[in-house]
Amino acid sequence: MGFFSKIKNGLKKTKDALISKLNAVFRGGDIDNDFYEDLEFALISSDMGVETSQSIIKSLKDRLREKHIVKQEIARNELKSILVDVLNSSQKQEFSYPLIITIVGVNGVGKTTTIGKLANYFKEQKKSVTLVAGDTFRAAASEQLNEWAKRVNVKIVKHQEGADPSAVVYDGIASAKAKKTDVLIVDTAGRLHTKVNLMEELKKINRIEEREWKEAQKLNFIIVDATIGQNSLIQVNAFKDAVGIDGIIVTKLDGTSKGGIVFPIIKELNTPVYFVGVGEGVEDLEEFDAEKFVDGIL
(Lines give C-alpha, C1' and ligand atoms only; values in the text may rest on other atoms or scores of the structure.)
Protein backbone atom coordinates (compact mmCIF):
# COMPACT_ATOMS: atom_id res chain seq x y z
CA MET A 1 0.00 0.00 0.00
CA GLY A 2 1.51 3.36 -1.06
CA PHE A 3 1.68 6.56 0.96
CA PHE A 4 -1.52 8.04 -0.44
CA SER A 5 -3.56 4.92 0.34
CA LYS A 6 -2.11 4.70 3.84
CA ILE A 7 -2.52 8.38 4.64
CA LYS A 8 -6.02 8.40 3.18
CA ASN A 9 -7.02 5.49 5.41
CA GLY A 10 -5.14 6.94 8.39
CA LEU A 11 -6.89 10.30 8.09
CA LYS A 12 -10.37 8.89 7.57
CA LYS A 13 -11.65 10.02 10.98
CA THR A 14 -10.29 13.53 10.46
CA LYS A 15 -11.75 13.70 6.97
CA ASP A 16 -15.14 12.45 8.11
CA ALA A 17 -15.23 15.13 10.82
CA LEU A 18 -14.09 17.95 8.53
CA ILE A 19 -15.68 17.18 5.19
CA SER A 20 -19.29 17.51 6.31
CA LYS A 21 -18.51 20.94 7.80
CA LEU A 22 -16.70 22.05 4.65
CA ASN A 23 -19.50 20.81 2.42
CA ALA A 24 -21.88 22.96 4.45
CA VAL A 25 -19.54 25.94 3.96
CA PHE A 26 -18.93 25.40 0.24
CA ARG A 27 -22.58 24.93 -0.58
CA GLY A 28 -22.48 27.04 -3.75
CA GLY A 29 -23.19 30.64 -4.50
CA ASP A 30 -21.27 33.82 -3.81
CA ILE A 31 -18.79 34.41 -1.00
CA ASP A 32 -20.05 36.56 1.88
CA ASN A 33 -19.21 37.21 5.54
CA ASP A 34 -21.17 34.16 6.67
CA PHE A 35 -18.98 32.04 4.41
CA TYR A 36 -15.81 33.14 6.21
CA GLU A 37 -17.34 32.73 9.66
CA ASP A 38 -18.57 29.24 8.85
CA LEU A 39 -15.21 28.28 7.37
CA GLU A 40 -13.32 29.53 10.43
CA PHE A 41 -15.58 27.46 12.67
CA ALA A 42 -14.97 24.36 10.52
CA LEU A 43 -11.19 24.79 10.70
CA ILE A 44 -11.10 25.46 14.45
CA SER A 45 -13.35 22.49 15.18
CA SER A 46 -10.92 20.22 13.29
CA ASP A 47 -8.23 21.20 15.80
CA MET A 48 -6.34 23.67 13.61
CA GLY A 49 -6.51 26.18 16.46
CA VAL A 50 -7.74 29.76 16.55
CA GLU A 51 -4.48 31.46 15.54
CA THR A 52 -3.74 29.18 12.59
CA SER A 53 -7.38 29.13 11.42
CA GLN A 54 -7.56 32.92 11.42
CA SER A 55 -4.28 33.14 9.52
CA ILE A 56 -5.61 30.71 6.90
CA ILE A 57 -8.81 32.75 6.56
CA LYS A 58 -6.81 35.97 6.10
CA SER A 59 -4.64 34.35 3.42
CA LEU A 60 -7.76 33.10 1.66
CA LYS A 61 -9.41 36.52 1.73
CA ASP A 62 -6.29 38.15 0.30
CA ARG A 63 -5.92 35.57 -2.43
CA LEU A 64 -9.57 35.67 -3.47
CA ARG A 65 -9.45 39.47 -3.58
CA GLU A 66 -6.30 39.47 -5.72
CA LYS A 67 -7.77 36.95 -8.14
CA HIS A 68 -11.25 38.51 -8.11
CA ILE A 69 -12.81 35.21 -7.11
CA VAL A 70 -16.38 35.46 -5.81
CA LYS A 71 -17.68 31.91 -6.20
CA GLN A 72 -17.44 29.42 -3.35
CA GLU A 73 -16.64 26.40 -5.50
CA ILE A 74 -13.53 28.13 -6.89
CA ALA A 75 -12.51 29.27 -3.41
CA ARG A 76 -12.29 25.65 -2.30
CA ASN A 77 -9.30 24.99 -4.57
CA GLU A 78 -7.61 28.13 -3.26
CA LEU A 79 -8.12 26.94 0.32
CA LYS A 80 -6.51 23.63 -0.56
CA SER A 81 -3.48 25.42 -2.00
CA ILE A 82 -3.13 27.57 1.14
CA LEU A 83 -3.29 24.51 3.40
CA VAL A 84 -0.46 22.91 1.43
CA ASP A 85 1.57 26.13 1.74
CA VAL A 86 1.09 26.08 5.53
CA LEU A 87 2.39 22.53 5.77
CA ASN A 88 5.39 23.40 3.57
CA SER A 89 6.23 26.55 5.54
CA SER A 90 8.81 24.76 7.71
CA GLN A 91 11.35 22.80 5.71
CA LYS A 92 12.85 19.48 6.69
CA GLN A 93 16.60 18.97 6.70
CA GLU A 94 17.87 16.38 4.28
CA PHE A 95 19.36 13.40 6.10
CA SER A 96 23.14 13.01 5.92
CA TYR A 97 25.19 10.16 7.31
CA PRO A 98 26.37 9.25 9.86
CA LEU A 99 23.16 10.39 11.55
CA ILE A 100 22.10 10.51 15.21
CA ILE A 101 18.38 10.87 15.91
CA THR A 102 17.52 11.43 19.57
CA ILE A 103 13.89 10.68 20.36
CA VAL A 104 12.15 12.68 23.10
CA GLY A 105 8.59 13.12 24.36
CA VAL A 106 6.26 12.49 27.25
CA ASN A 107 5.14 9.05 28.39
CA GLY A 108 2.46 7.26 26.41
CA VAL A 109 2.96 8.83 22.98
CA GLY A 110 4.35 5.67 21.39
CA LYS A 111 8.08 6.36 21.48
CA THR A 112 9.34 2.78 21.60
CA THR A 113 7.01 1.62 18.82
CA THR A 114 7.94 4.61 16.67
CA ILE A 115 11.66 3.94 17.15
CA GLY A 116 11.11 0.40 15.86
CA LYS A 117 9.25 1.72 12.84
CA LEU A 118 11.93 4.36 12.25
CA ALA A 119 14.64 1.70 12.34
CA ASN A 120 12.68 -0.28 9.77
CA TYR A 121 12.35 2.83 7.57
CA PHE A 122 16.11 3.38 7.47
CA LYS A 123 16.76 -0.31 6.86
CA GLU A 124 14.50 -0.10 3.83
CA GLN A 125 16.71 2.81 2.69
CA LYS A 126 19.64 0.34 2.84
CA LYS A 127 21.15 2.05 5.91
CA SER A 128 22.73 0.24 8.86
CA VAL A 129 21.02 1.07 12.16
CA THR A 130 21.87 0.81 15.85
CA LEU A 131 19.41 1.53 18.65
CA VAL A 132 20.47 2.99 22.00
CA ALA A 133 18.29 2.10 25.01
CA GLY A 134 18.68 5.42 26.81
CA ASP A 135 15.46 4.98 28.80
CA THR A 136 16.93 3.32 31.88
CA PHE A 137 14.22 4.53 34.27
CA ARG A 138 11.09 2.77 33.10
CA ALA A 139 10.84 -0.87 34.03
CA ALA A 140 11.28 -3.15 31.01
CA ALA A 141 11.91 -0.21 28.62
CA SER A 142 15.18 -1.73 27.40
CA GLU A 143 13.52 -5.11 26.95
CA GLN A 144 10.74 -3.60 24.85
CA LEU A 145 13.26 -1.82 22.66
CA ASN A 146 15.28 -5.02 22.43
CA GLU A 147 12.22 -6.82 21.08
CA TRP A 148 11.91 -4.20 18.35
CA ALA A 149 15.61 -4.54 17.54
CA LYS A 150 15.09 -8.29 17.07
CA ARG A 151 11.94 -7.76 15.03
CA VAL A 152 13.60 -5.30 12.66
CA ASN A 153 16.97 -7.08 12.84
CA VAL A 154 19.14 -4.14 13.94
CA LYS A 155 21.81 -3.80 16.62
CA ILE A 156 21.05 -2.44 20.08
CA VAL A 157 23.25 -1.06 22.88
CA LYS A 158 21.73 -1.28 26.35
CA HIS A 159 22.72 -1.28 30.03
CA GLN A 160 20.89 -2.58 33.05
CA GLU A 161 17.89 -0.77 34.51
CA GLY A 162 18.86 2.31 36.52
CA ALA A 163 22.12 2.91 34.64
CA ASP A 164 23.25 6.40 33.68
CA PRO A 165 21.56 7.19 30.32
CA SER A 166 24.54 9.28 29.24
CA ALA A 167 26.82 6.27 29.70
CA VAL A 168 24.57 4.18 27.47
CA VAL A 169 24.65 6.88 24.79
CA TYR A 170 28.45 7.10 25.08
CA ASP A 171 28.77 3.34 24.52
CA GLY A 172 26.24 3.47 21.70
CA ILE A 173 28.28 6.09 19.85
CA ALA A 174 31.49 4.14 20.38
CA SER A 175 29.86 1.02 18.95
CA ALA A 176 28.36 2.87 15.99
CA LYS A 177 31.66 4.53 15.12
CA ALA A 178 33.57 1.26 15.35
CA LYS A 179 31.06 -0.51 13.09
CA LYS A 180 30.68 2.51 10.76
CA THR A 181 26.93 2.53 11.40
CA ASP A 182 24.85 4.91 9.27
CA VAL A 183 22.07 5.71 11.75
CA LEU A 184 22.06 5.78 15.54
CA ILE A 185 18.59 6.14 17.10
CA VAL A 186 18.67 7.12 20.78
CA ASP A 187 15.68 6.37 22.99
CA THR A 188 15.22 8.56 26.08
CA ALA A 189 12.98 8.31 29.11
CA GLY A 190 9.51 9.71 28.68
CA ARG A 191 9.23 12.81 30.80
CA LEU A 192 6.91 15.66 31.61
CA HIS A 193 8.16 18.98 30.31
CA THR A 194 7.93 20.34 33.88
CA LYS A 195 10.67 18.02 35.21
CA VAL A 196 13.77 20.24 35.15
CA ASN A 197 16.25 17.53 36.18
CA LEU A 198 15.12 15.24 33.37
CA MET A 199 15.39 18.08 30.85
CA GLU A 200 18.95 18.67 32.06
CA GLU A 201 19.67 15.03 31.38
CA LEU A 202 18.57 15.48 27.78
CA LYS A 203 20.95 18.42 27.44
CA LYS A 204 23.76 16.21 28.77
CA ILE A 205 22.95 13.52 26.20
CA ASN A 206 23.06 16.14 23.43
CA ARG A 207 26.45 17.37 24.67
CA ILE A 208 27.88 13.84 24.64
CA GLU A 209 26.60 13.29 21.10
CA GLU A 210 28.21 16.54 19.95
CA ARG A 211 31.51 15.81 21.67
CA GLU A 212 31.87 12.13 20.79
CA TRP A 213 30.72 12.13 17.16
CA LYS A 214 31.40 15.58 15.74
CA GLU A 215 31.02 14.57 12.11
CA ALA A 216 27.53 13.07 12.55
CA GLN A 217 24.36 14.97 11.72
CA LYS A 218 22.38 15.33 14.94
CA LEU A 219 18.61 15.73 15.06
CA ASN A 220 16.24 15.84 18.03
CA PHE A 221 12.81 14.45 17.13
CA ILE A 222 9.80 14.74 19.43
CA ILE A 223 6.99 12.19 19.27
CA VAL A 224 3.52 13.78 19.38
CA ASP A 225 0.29 11.87 19.96
CA ALA A 226 -2.30 13.26 17.53
CA THR A 227 -5.16 12.26 19.83
CA ILE A 228 -4.29 14.94 22.42
CA GLY A 229 -4.84 17.81 19.99
CA GLN A 230 -3.89 21.30 21.16
CA ASN A 231 -2.02 20.01 24.24
CA SER A 232 0.71 18.82 21.91
CA LEU A 233 1.66 22.44 21.19
CA ILE A 234 2.54 22.95 24.86
CA GLN A 235 4.66 19.80 24.87
CA VAL A 236 6.60 20.68 21.73
CA ASN A 237 7.24 24.25 22.90
CA ALA A 238 8.60 23.08 26.26
CA PHE A 239 11.02 20.60 24.73
CA LYS A 240 11.98 23.12 22.06
CA ASP A 241 12.91 25.66 24.72
CA ALA A 242 14.84 23.08 26.77
CA VAL A 243 16.86 21.12 24.21
CA GLY A 244 15.85 22.29 20.74
CA ILE A 245 13.61 20.28 18.44
CA ASP A 246 14.52 19.69 14.80
CA GLY A 247 11.49 17.69 13.77
CA ILE A 248 8.27 16.03 14.80
CA ILE A 249 6.81 12.57 14.33
CA VAL A 250 3.02 12.52 14.72
CA THR A 251 1.63 9.19 15.92
CA LYS A 252 -1.85 7.66 16.15
CA LEU A 253 -3.31 9.72 13.29
CA ASP A 254 -5.45 6.75 12.36
CA GLY A 255 -7.15 6.80 15.77
CA THR A 256 -8.33 10.40 15.91
CA SER A 257 -10.44 13.05 14.18
CA LYS A 258 -7.90 15.68 15.33
CA GLY A 259 -5.49 15.39 12.42
CA GLY A 260 -5.84 19.14 11.91
CA ILE A 261 -3.39 19.61 14.78
CA VAL A 262 -0.56 19.13 12.26
CA PHE A 263 -1.26 22.62 10.86
CA PRO A 264 -0.64 24.68 14.03
CA ILE A 265 2.27 22.41 14.98
CA ILE A 266 4.04 23.42 11.78
CA LYS A 267 2.84 27.01 11.47
CA GLU A 268 2.92 28.25 15.08
CA LEU A 269 5.99 26.31 16.18
CA ASN A 270 7.87 26.60 12.88
CA THR A 271 8.90 22.97 13.20
CA PRO A 272 8.62 20.46 10.37
CA VAL A 273 6.84 17.12 10.57
CA TYR A 274 9.11 14.38 9.22
CA PHE A 275 6.95 11.28 9.65
CA VAL A 276 3.39 10.30 10.52
CA GLY A 277 2.18 7.09 12.10
CA VAL A 278 -0.91 5.71 10.36
CA GLY A 279 -1.27 2.24 11.87
CA GLU A 280 0.18 -0.40 14.17
CA GLY A 281 2.33 -2.28 11.66
CA VAL A 282 6.11 -1.94 11.43
CA GLU A 283 5.74 -0.31 8.01
CA ASP A 284 3.01 2.11 9.11
CA LEU A 285 5.37 5.07 9.49
CA GLU A 286 5.37 7.28 6.44
CA GLU A 287 7.40 10.27 5.32
CA PHE A 288 5.25 13.37 5.65
CA ASP A 289 4.01 14.84 2.36
CA ALA A 290 2.03 18.09 2.49
CA GLU A 291 -0.02 17.65 -0.69
CA LYS A 292 -0.99 14.08 0.06
CA PHE A 293 -1.86 15.01 3.63
CA VAL A 294 -4.23 17.75 2.46
CA ASP A 295 -5.72 15.39 -0.12
CA GLY A 296 -6.29 12.96 2.74
CA ILE A 297 -8.43 15.38 4.76
CA LEU A 298 -10.26 17.12 1.91
Side-chain angles (χ1 to χ4, degrees), residues 4 7-91 224-237 248-273 276-278 288-298:
F4 184 68
I7 199 67
K8 188 175 181 181
N9 292 335
L11 289 170
K12 185 177 186 305
K13 290 185 178 180
T14 296
K15 181 169 184 173
D16 289 347
L18 180 59
I19 201 70
S20 60
K21 297 185 183 75
L22 287 181
N23 286 341
V25 174
F26 293 95
R27 55 188 177 276
D30 292 340
I31 295 167
D32 55 18
N33 287 333
D34 287 342
F35 166 81
Y36 289 115
E37 289 181 6
D38 293 343
L39 178 57
E40 183 176 338
F41 172 77
L43 298 180
I44 291 173
S45 64
S46 70
D47 241 49
M48 291 190 194
V50 174
E51 181 180 332
T52 296
S53 296
Q54 290 178 343
S55 175
I56 290 169
I57 296 296
K58 182 181 183 304
S59 296
L60 182 63
K61 284 182 177 179
D62 292 344
R63 190 175 294 193
L64 297 183
R65 190 181 306 114
E66 290 169 6
K67 295 186 175 183
H68 307 291
I69 294 172
V70 295
K71 294 296 183 183
Q72 292 180 10
E73 56 267 28
I74 303 176
R76 189 170 190 143
N77 288 331
E78 297 298 329
L79 172 64
K80 187 174 182 178
S81 175
I82 289 168
L83 292 177
V84 171
D85 289 345
V86 169
L87 297 182
N88 281 328
S89 62
S90 184
Q91 292 299 309
V224 169
D225 180 345
T227 65
I228 70 171
Q230 293 293 311
N231 286 333
S232 61
L233 297 177
I234 299 171
Q235 292 178 8
V236 177
N237 250 334
I248 297 171
I249 301 177
V250 182
T251 63
K252 307 179 187 178
L253 269 175
D254 55 310
T256 182
S257 62
K258 298 180 178 180
I261 189 58
V262 171
F263 292 89
I265 282 176
I266 292 175
K267 182 170 181 57
E268 296 175 29
L269 302 179
N270 192 29
T271 307
V273 172
V276 291
V278 291
F288 183 73
D289 182 290
E291 290 191 14
K292 290 181 174 63
F293 188 89
V294 172
D295 284 339
I297 63 173
L298 295 183

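Values below: every heavy atom of this structure, side chains too, minus hydrogens, waters and symmetry copies.
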Under 3.5 Å donor-acceptor, Arg27 side chain and Ala24 backbone: yes

Spacing of Arg63 atom CZ and Leu79 atom CG [to the nearest 0.5 Å]: 9.5 Å

Between side-chain atoms of residues 32-41 and protein atoms elsewhere (two or more places apart, or another chain), which donor-acceptor pairs fall under 3.5 Å?
from: Asp32; atom 1: OD1; to: Asp34; atom 2: N; distance (Å): 3.3
from: Asp32; atom 1: OD1; to: Phe35; atom 2: N; distance (Å): 2.9
from: Glu40; atom 1: OE2; to: Gln54; atom 2: NE2; distance (Å): 3.4

Side chains of Ile248 and Val273 in contact at under 4.5 Å (non-hydrogen atoms): yes

N-O pairing of Arg65 and Asp62 below 4.0 Å: yes

Any Gln72 side-chain heavy atom under 4.5 Å of Asp30 side chain: no

Heavy-atom check, side chain of Phe263 versus side chain of Leu43, under 4.5 Å: no

Atom pair CG (Asn231) and CD1 (Ile234), whose distance is rounded to the nearest 0.5 Å: 5.0 Å

N/O donor-acceptor pair under 3.5 Å between Ser55 side chain and Glu51 backbone: no

Passing candidate, side-chain contact (heavy atoms from CB on, under 4.5 Å) with Leu233, options Ile265, Val224, Thr52: Ile265

Minimum-distance pair of heavy atoms, taken over all atoms of Ile31 and Ala75: CD1-CB, 3.8 Å

Closest non-hydrogen atom pair between Leu22 and Ala42, with its separation: CD2-CB, 4.2 Å

Any Lys21 side-chain heavy atom under 4.5 Å of Ser46 side chain: no

Minimum-distance pair of heavy atoms, taken over all atoms of Ser89 and Asn270: O-OD1, 4.2 Å

Note, Pro264 side chain near Gln230 side chain (heavy atom, < 4.5 Å): yes

Approximate separation, where rounding is to 0.5 Å, of Glu78 CD and Leu83 CG: 11.5 Å

From CE (Met48) to CD1 (Ile56), nearest 0.5 Å: 5.5 Å

Rounded distance [0.5 Å steps], CD1 in Ile266 versus CD1 in Ile261: 10.5 Å

Asp295 and Lys80: CA distance, side-chain angles, deciding distance, side-chain contact (heavy atoms from CB on, under 4.5 Å) verdict: CA-CA 8 Å; Asp295 284 339; Lys80 187 174 182 178; 2.6 Å; yes

From CD (Glu291) to CG (Leu87), nearest 0.5 Å: 10.0 Å

Min side-chain heavy-atom separation Ile228-Gln235 under 4.5 Å: yes

Over all atoms of both residues, closest heavy-atom pair of Val250 and Ala226: CG1-CB, 3.7 Å

